[in-house]
Amino acid sequence: MFSTKFSVAPNASPLAAAVCALTFVVAGCSSTPAPDKTASWSPNKIYAEAKDEASTGAYDKAIPLYEKLEGRAAGTPLAQQAQIDKAYAQYKGGEQAQALATLNRFMKLHPASPAMDYALYLKGLVNFNDNLGIFGFISRQDLSERDQNAAKESFESFKELVSRFPDSRYAPDSRLRMNYIVNSLAQYEVHVARYYYSRGAYVAAINRAQSAIADYRDVPALEEATYILYKSYDALGMKDLRDDTRRIMEKSYPQSQYMSKGFKSVENPWYKFW
C-alpha cells in the first residue's frame with residue numbers, strides 16, 4: 001500500500017488531470033517487485049540452474065540462486081554445498097572480499113564439514129590471486145608502499161590445509177603454492193632493498209637485505225640480497241664489511257653472475273612461471 005498526494009492547477013483540463021494521475025499510478029506500479037520465478041522450484045532445480053549459470057561464466061546470475069538455495073534448504077548438505085559454490089562464484093566473478101566473507105562464515109558454521117579442506121584451499125586461492133603486492137613491481141610503482149597481507153594470509157590458509165588434511169587432493173598444489181609464496185615474499189623484500197639502493201638510500205637497502213637474509217632460508221632471492229649488501233657497504237665506504245660480504249658471496253654463490261655482470265635486467269622477472 002502506498003499513498004501519494006499530487007495537485008493539479010485549477011485551470012487544468014480533465015485530460016491533463018487524468019494524465020497526471022496516470023503518471024503517479026505508473027510510478028507506483030513500477031516499484032512493485034517482479035515475481036520470483038524460483039518460487040515453485042525445488043531445491044535441486046535451483047541448484048541445477050545455479051550450476052548451469054556458473055558453468056557459462058554467468059556468476060552474477062548464479063550467486064543469487066545459490067543464496068536462495070541457502071535459505072530454502074537451510075540445515076541440509078545441499079545448503080552447505082550452495083554456500084561453498086557461492087564463494088567460488090564470487091571469487092571467479094571478481095568479488096574477492098565477498099568470497100572471503102562467505103568462506104569465513106562457512107568455516108564458522110560448519111567446522112566439521114567434509115568440504116573444509118576445499119574451503120581452506122579456496123580461501124588460499126582468493127588471497128593468492130587478489131592482486132598480491134608481491135607482483136606489484138611490474139607496474140614500476142613504489143615498492144616500499146606495497147602490502148603483503150594477502151600473500152601471508154594465503155600462505156596461512158594453505159598451511160592449515162596441509163597440516164589438518166595432509167592427504168587431501170588439494171594438499172599437493174597447496175604445498176607448491178606455499179613454496180611459491182615464500183619465494184615471492186623473499187623476492188619482494190629484495191626488490192625493496194634494490195629500490196632503496198638504486199636511489200642511494202644505502203642504509204635502508206642494507207636493513208632490508210639483512211631482513212630478507214634473516215627471515216628466509218634457501219630461496220633464490222638471497223643471492224641478490226647478499227650482493228646488495230656488498231654493493232651498499234662499498235658505496236658507504238665500509239670496506240671491512242664489504243670484503244666480508246664478498247667472501248660470503250664467493251663461498252655461497254661461486255657461480256654468481258652478480259659479481260661479474262651486476263644486477264639482472266628487470267624485464268623478465270624470475271617468477272613468471274605460474
Side-chain angles (χ1 to χ4, degrees), residues 1-2 26-132 150-151 153-178 180-181 274:
M1 296 292 294
F2 68 93
V26 172
C29 291
S30 66
S31 65
T32 302
D36 183 0
K37 68 177 183 179
T38 70
S40 62
W41 291 4
S42 68
N44 286 333
K45 179 174 174 56
I46 296 175
Y47 184 68
E49 290 292 327
K51 293 290 285 184
D52 285 345
E53 296 289 5
S55 67
T56 62
Y59 302 112
D60 59 325
K61 296 180 180 179
I63 291 170
L65 291 172
Y66 286 130
E67 290 174 342
K68 287 182 182 296
L69 186 55
E70 285 185 71
R72 301 268 182 93
T76 68
L78 189 58
Q80 291 186 34
Q81 186 64 50
Q83 193 172 13
I84 203 76
D85 286 349
K86 181 180 76 171
Y88 179 79
Q90 290 170 327
Y91 158 59
K92 295 297 288 185
E95 300 179 1
Q96 285 90 353
Q98 293 89 331
L100 289 173
T102 298
L103 289 168
N104 287 334
R105 180 170 176 268
F106 176 86
M107 290 187 283
K108 181 178 180 180
L109 294 176
H110 313 292
S113 171
M116 182 59 70
D117 61 335
Y118 175 70
L120 287 167
Y121 179 71
L122 184 53
K123 185 176 180 181
L125 283 184
V126 173
N127 279 315
F128 188 86
N129 291 291
D130 188 19
N131 295 320
L132 295 184
E153 289 175 7
S154 178
F155 181 88
E156 290 303 319
S157 295
F158 292 134
K159 180 181 178 181
E160 183 176 355
L161 189 160
V162 299
S163 297
R164 293 177 59 185
F165 309 101
D167 298 324
S168 167
R169 59 183 293 191
Y170 306 107
D173 187 65
S174 295
R175 293 187 182 95
L176 289 175
R177 290 177 187 272
M178 287 171 64
Y180 180 76
I181 290 170
W274 197 269

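- Pairing each heavy atom of A50 with each of Y66, the nearest pair is CB-CE2, 3.5 Å.
- A salt bridge links E70 with R105: the distance from a Lys NZ or Arg NE/NH1/NH2 to an Asp or Glu carboxylate oxygen falls below 4.0 Å.
- Evaluation of the side chain to side chain donor-acceptor pair (under 3.5 Å) rule for Y47 yields D85 as partners, not counting sequence neighbours.
- Ring orientation note: the planes of F128 and F158 are nearly perpendicular, at an angle over 60° on the 30°/60° scale.
- Looking only at atom types and distance, the side chain of R72 has a donor-acceptor partner in the side chain of T38 under 3.5 Å away.
- Side-chain atoms of E95 and I63, non-hydrogen and from C-beta on, do get closer than 4.5 Å to each other.
- A side-chain donor from one of S168 and D117 sits under 3.5 Å from a side-chain acceptor of the other.
- Considering only heavy atoms from C-beta on, E49 stays 4.5 Å or farther from K61 through its side chain.
- Side chain to side chain, Q90 and T102 meet the donor-acceptor criterion of an N or O pair below 3.5 Å.
- Looking at heavy atoms from C-beta onward, Y91 lies out of side-chain contact with L103 at the 4.5 angstrom threshold.
- Looking at heavy atoms from C-beta onward, R177 lies in side-chain contact with Y121 at the 4.5 angstrom threshold.
- Under the 3.5 Å distance criterion, the side-chain polar atoms of T56 are matched with a main-chain donor or acceptor of E53.
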